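Let me begin by presenting the structure, written as structure tokens, before commenting on it.
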Amino acid sequence: MKGDSQTTLQITGMTCAACANRIEKGLNKLEGVSSANVNFALEKASVTFDPEKVNVGRLEETIKKMGYDTAKEVVDFQLEGMTCAACANRIEKGLAKLPGVTNASVNFAMETARVEYTPGDISISDMQNKVKQLGYKAVTKQEDANASDHKEREVRRQKQKLIISAILSFPLLWTMVGHFSFTSWIYTPELFMNPWFQLILATPVQFYIGKPFYVGAFKALRNGSANMDVLVSLGTSAAYFYSLYLTIDWFLAGDGVHHAPALYYETSAVLITLVILGKMFEALAKGRTSEAIKSLMGLQAKNALVIRDGQELTVPVEEVIVGDIVLIRPGDKVPVDGEVLEGVSSVDESMLTGESLPVEKKAGDTVIGATMNKNGMLRIRATKVGKDTALAQIIKVVEEAQGSKAPIQRVADVISGIFVPIVVGIAIVAFLVWYFFVTPSDFAGALEKAIAILVIACPCALGLATPTSIMAGSGRAAELGILFKGGEHLEQTHKIDTIILDKTGTVTKGKPELTDIMAEGDETEFLTLVGAAEKNSEHPLAEAIVAGILERNIALPGTESFEAIPGYGIRAVAAGKELLVGTRRLMEKYEVNASHAYETMARLEEAGKTAMLVAIDNRYAGIVAVADTIKETSKAAVGRLKEMGIEVIMITGDNERTAKAIAAQVGIDHVHAEVLPEGKAEEVKKLQSQGKKVAMVGDGINDAPALATADIGMAIGTGTDVAMEAADVTLMRGDLSSIPDAIFMSRKTMRNIKQNLFWALGYNSLGIPVAAIGLLAPWVAGAAMALSSVSVVLNALRLQRVKIRQ
């Protein structure tokens with residue numbers, strides 16, 4: 001809604017998809033929150049809210065009340081220009097008021113500032129600019145080594161716990177294996193069989209290593225819901241406390257010489273060890289799904305060579321401001337987006353656009369931050385810095401896409417939300433059936449079946465199935481120069497069966513070029529006079545003619561007179577000669593006999609070119625033809641789309657003869673010509689009314705209404721305008737080959753999601769009855785549960801290696 005704000009919060013403490021669902025529901029209930037999406041795989045909450053009714057602090061407070069926490073990033077600044085404590089107070093208050101800053105502390109004595117902030121809402125350069133506005137200077141300090149990523153710290157902590165848990169659980173596992181008839185040859189020390197020894201080993205695993213499960217279960221139950229922690233803590237506690245009861249009973253029954261009872265300490269200890277092992281593998285694998293973001297962030301140059309007060313200074317890229325003059329040496333990364341002032345070079349833009357060939361740059365051209373300057377020195381003026389650069393916007397689009405929910409995920413969310421209570425119910429019923437009917441009075445056997453059901457049914461894999469695939473798929477697409485604005489667009493793209501292509505700038509280059517010269521006499525003299533006449537015109541076709549003549553190193557003389565005749569062409573005098581350049585009607589108006597050239601002119605027009613007749617001193621002198629040439633990849637891309645079973649339609653405002661000629665060259669069978677920009681949206685609606693799923697592909701300017709109307713709007717980007725509001729997908733490479741690539745990636749991602757959901761649901765659906773009939777030991781259920789989550793994430797990671805057919 002108008003006036004709403006958006007924030008992204010990093011959440012810690014979630015253990016399964018049910019946690020994410022609970023946080024999402026809690027946030028959505030707050031007054032002023034219009035939408036909240038919680039991504040379990042990314043551990044992020046994206047919230048849209050009315051700042052007049054609720055603030056970020058309230059959102060964080062709500063998350064904490066539900067038993068979770070929000071992670072922040074901390075940046076340290078070295079301050080310059082303070083003279084007293086009042087200065088420090090002023091900076092502190094100024095920083096604290098910035099949106100996204102949760103805490104700011106300024107130390108006057110040390111001239112430092114430490115700011116805690118939410119990275120999705122504010123950048124470091126925004127804080128530096130605020131300090132500058134207040135009349136001071138803030139320079140980033142090297143971050144403390146201890147302030148490393150919280151996920152890495154969590155993995156290290158899990159590893160430590162896993163080692164301790166494994167060491168304590170191993171003797172218990174040994175005793176369990178020793179009970180099997182086929183392992184009777186394995187020697188089991190007498191000590192390992194002692195109930196007190198087993199209790200000493202199992203207790204720290206249950207209450208120290210397993211503490212997070214109890215805490216998580218308590219928080220979930222306190223909030224009236226259930227999650228994976230409830231299942232794990234129920235299952236392991238049942239095994240542990242039943243074994244404790246048997247141990248005490250054994251001790252009270254005699255003097256300690258009686259044969260030890262069958263205990264289940266190993267069940268609880270090994271289960272906890274396996275769950276932690278699975279969680280650690282899951283965290284490591286989940287970290288890899290965001291490699292696309294890490295690699296994009298790694299593209300950014302660290303420093304920039306700027307000219308200030310006539311001196312060359314090397315400064316951190318965060319300190320470059322709009323208007324700075326930046327020097328870029330051969331082999332250096334372009335630090336920020338800018339306009340070339342001096343120099344000629346080729347720039348490798350492949351890391352952002354996926355285009356392998358370097359792009360020539362000269363004065364007046366734009367360069368994109370993070371691209372690589374190849375062989376020439378460039379002097380640029382910074383036009384976009386910080387979060388406004390193309391790279392920052394790309395990262396933002398990819399992050400938002402990875403954090404958003406595809407419609408298919410909501411099905412999984414609903415299932416995981418009701419799954420845990422149902423499973424607890426099934427486990428209780430199974431226990432009662434086994435205890436009273438199957439094996440009457442065998443409490444231990446019935447308990448074992450219930451524990452196996454509780455453990456095998458953890459819905460972790462279900463919660464990870466969709467978001468991990470969306471993360472990996474959208475990340476791989478970004479590497480190919482395809483930016484999906486959200487998970488829903490990534491999902492919808494695979495349904496497309498009809499593609500509408502705009503002609504100019506989409507199928508064609510959008511820049512006319514001089515293609516044909518047919519002179520009656522000397523060609524150089526002919527071009528000299530035509531160029532002299534046309535250089536006074538501002539028409540795009542005239543500019544193309546002049547550019548083509550200048551490329552042939554022909555000098556153009558001045559003109560003595562010039563007149564543009566709308567609808568006809570131009571009339572000029574150059575080098576003492578009168579020139580006419582234009583249409584058939586122009587020749588007829590000045591009674592020039594050029595009828596014998598009309599057939600040639602028609603042939604050129606049928607080839608999709610705009611032909612102009614030329615007369616010198618009232619005598620026919622030749623023809624020049626201009627065409628908006630087809631992009632090299634257009635024909636191959638249209639062929640790929642047809643192979644995929646997609647109908648391709650071209651729509652344009654140009655005349656029908658030219659439009660059909662262009663369409664024929666690239667293999668498009670259906671053409672709608674002479675359509676006004678507002679009429680393009682109507683054409684989209686007509687196709688949709690026939691039940692077709694339509695994608696509109698355009699340059700994002702005059703095609704905005706059609707892009708917004710289509711099921712999927714694809715904007716052909718240039719790398720500098722990546723956040724086109726009307727489009728759902730931005731194709732940064734700027735050619736049609738990205739369209740089949742985008743559809744291919746969507747299809748691959750959806751197939752991957754369906755595989756994950758099938759595996760996760762199938763695994764739970766099969767595992768519960770198998771456990772209920774007693775064919776699954778609890779420790780096997782624990783291993784299978786851990787394996788299912790890891791396998792789902794690893795399957796999603798296959799998307800990062802998808803190869804696109806060129």
Side-chain angles (χ1 to χ4, degrees), residues 161-215 217-218 229-276 427-428 430-432 434-436 438-455 771 774 776-782:
K161 283 191 168 187
L162 177 63
I163 291 166
I164 296 168
S165 188
I167 291 170
L168 292 172
S169 301
F170 182 71
L172 298 171
L173 181 64
W174 190 331
T175 61
M176 181 185 70
V177 172
H179 283 122
F180 300 135
S181 57
F182 60 86
T183 59
S184 56
W185 54 271
I186 296 176
Y187 169 70
T188 305
E190 190 67 32
L191 177 65
F192 286 12
M193 304 301 292
N194 186 289
W196 293 119
F197 179 72
Q198 291 189 22
L199 176 64
I200 290 167
L201 292 176
T203 301
V205 176
Q206 188 71 34
F207 298 109
Y208 169 65
I209 306 298
K211 180 184 174 182
F213 300 120
Y214 282 108
V215 172
F218 172 73
D229 295 322
V230 173
L231 296 180
V232 173
S233 51
L234 267 177
T236 58
S237 295
Y240 176 85
F241 285 109
Y242 178 59
S243 299
L244 179 61
Y245 161 74
L246 291 177
T247 301
I248 295 169
D249 185 60
W250 165 78
F251 175 72
L252 296 175
D255 56 5
V257 296
H258 294 85
H259 184 68
L263 303 173
Y264 292 88
Y265 287 122
E266 79 282 348
T267 299
S268 63
V270 172
L271 273 180
I272 288 171
T273 304
L274 286 170
V275 172
I276 287 176
I428 292 168
F431 172 81
L432 295 173
W434 276 90
Y435 186 69
F436 289 107
V438 183
T439 52
S441 302
D442 182 6
F443 183 86
L447 181 66
E448 195 173 86
K449 312 303 183 287
I451 292 169
I453 291 169
L454 289 171
V455 175
L776 207 61
W779 70 273
V780 177

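Since we're looking at a predicted model, the values are computed, not measured. Quick note: residue numbers are just sequence positions, from 1.
In plain terms, the two heavy atoms of S165 and V205 that are nearest each other are OG-CG1, 3.7 Å. A pairwise comparison of heavy atoms in K161 and P212 identifies NZ-CG, 3.4 Å as the closest pair. When all heavy atoms of E266 and L172 are compared, the pair lying nearest together is CB-O, 3.4 Å. The two residues I164 and Y208 have their closest heavy-atom pair at CD1-CE2, 4.4 Å. Listed here is the closest heavy atom pair of L776 and A452: O-CB, 3.4 Å. Minimum heavy-atom separation, A427 to A450: O-CB, 3.7 Å.
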ask   = So L244 and F241, side chain to side chain contact (heavy atoms under 4.5 Å, CB included) or not? Walk me through it.
value = CA-CA 5 Å; L244 179 61; F241 285 109; 4.1 Å; yes

task = Starting from the C-alpha separation in whole Å, work towards a yes-or-no answer on side chain to side chain contact (heavy atoms under 4.5 Å, CB included) for I272 and F213.
result = CA-CA 9 Å; I272 288 171; F213 300 120; 4.1 Å; yes

request  = Go through L447 and Y435 one step at a time and tell me if the side chain to side chain contact (heavy atoms under 4.5 Å, CB included) criterion holds.
outcome  = CA-CA 8 Å; L447 181 66; Y435 186 69; over 6 Å; no

task = Walk me through it: do V232 and V455 pass the test side chain to side chain contact (heavy atoms under 4.5 Å, CB included)?
result = CA-CA 6 Å; V232 173; V455 175; 5.9 Å; no

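The shortest distance between side-chain heavy atoms of P778 and Y264 does not fall below 4.5 Å. Counting heavy atoms from C-beta on, the side chains of P195 and L246 never come closer than 4.5 Å. Within the 4.5 Å cutoff, side-chain heavy atoms of W196 are placed close to those of L199. Residues L173 and T273 are not in side-chain contact: their nearest non-hydrogen atoms beyond the backbone lie 4.5 Å or more apart.
For the pair S233 (side chain) and V230 (backbone), a donor-acceptor distance under 3.5 Å is present.
Atoms CD1 and OH, from I451 and Y242 in turn, are 10.0 Å apart once rounded to the nearest 0.5 Å. Here CG of L263 is found 12.5 Å from OH of Y245. Values are rounded to the nearest 0.5 Å. In this structure, the separation between NZ on K449 and OG1 on T439 is 6.0 Å, given to the nearest 0.5 Å. In this structure, CD on Q198 lies 9.5 Å from CG on L191, to the nearest 0.5 angstrom. Residue L234 holds its CG atom at 8.0 Å from CD1 of I428, rounded to the nearest 0.5 Å. In this structure, CD1 on I276 lies 11.0 Å from CG on L271, to the nearest 0.5 angstrom.
F443 CZ: more than 12 foreign heavy atoms inside a 6.0 Å radius.
Aromatic ring orientation, Y214 versus F207: parallel (interplanar angle below 30°, classes split at 30° and 60°). Taking the six-membered ring for Trp and thresholds of 30 and 60 degrees, F192 and W174 have ring planes more than 60 degrees apart, a perpendicular arrangement.
For T175 and Y265, the side-chain atoms include no donor-acceptor pair closer than 3.5 Å.
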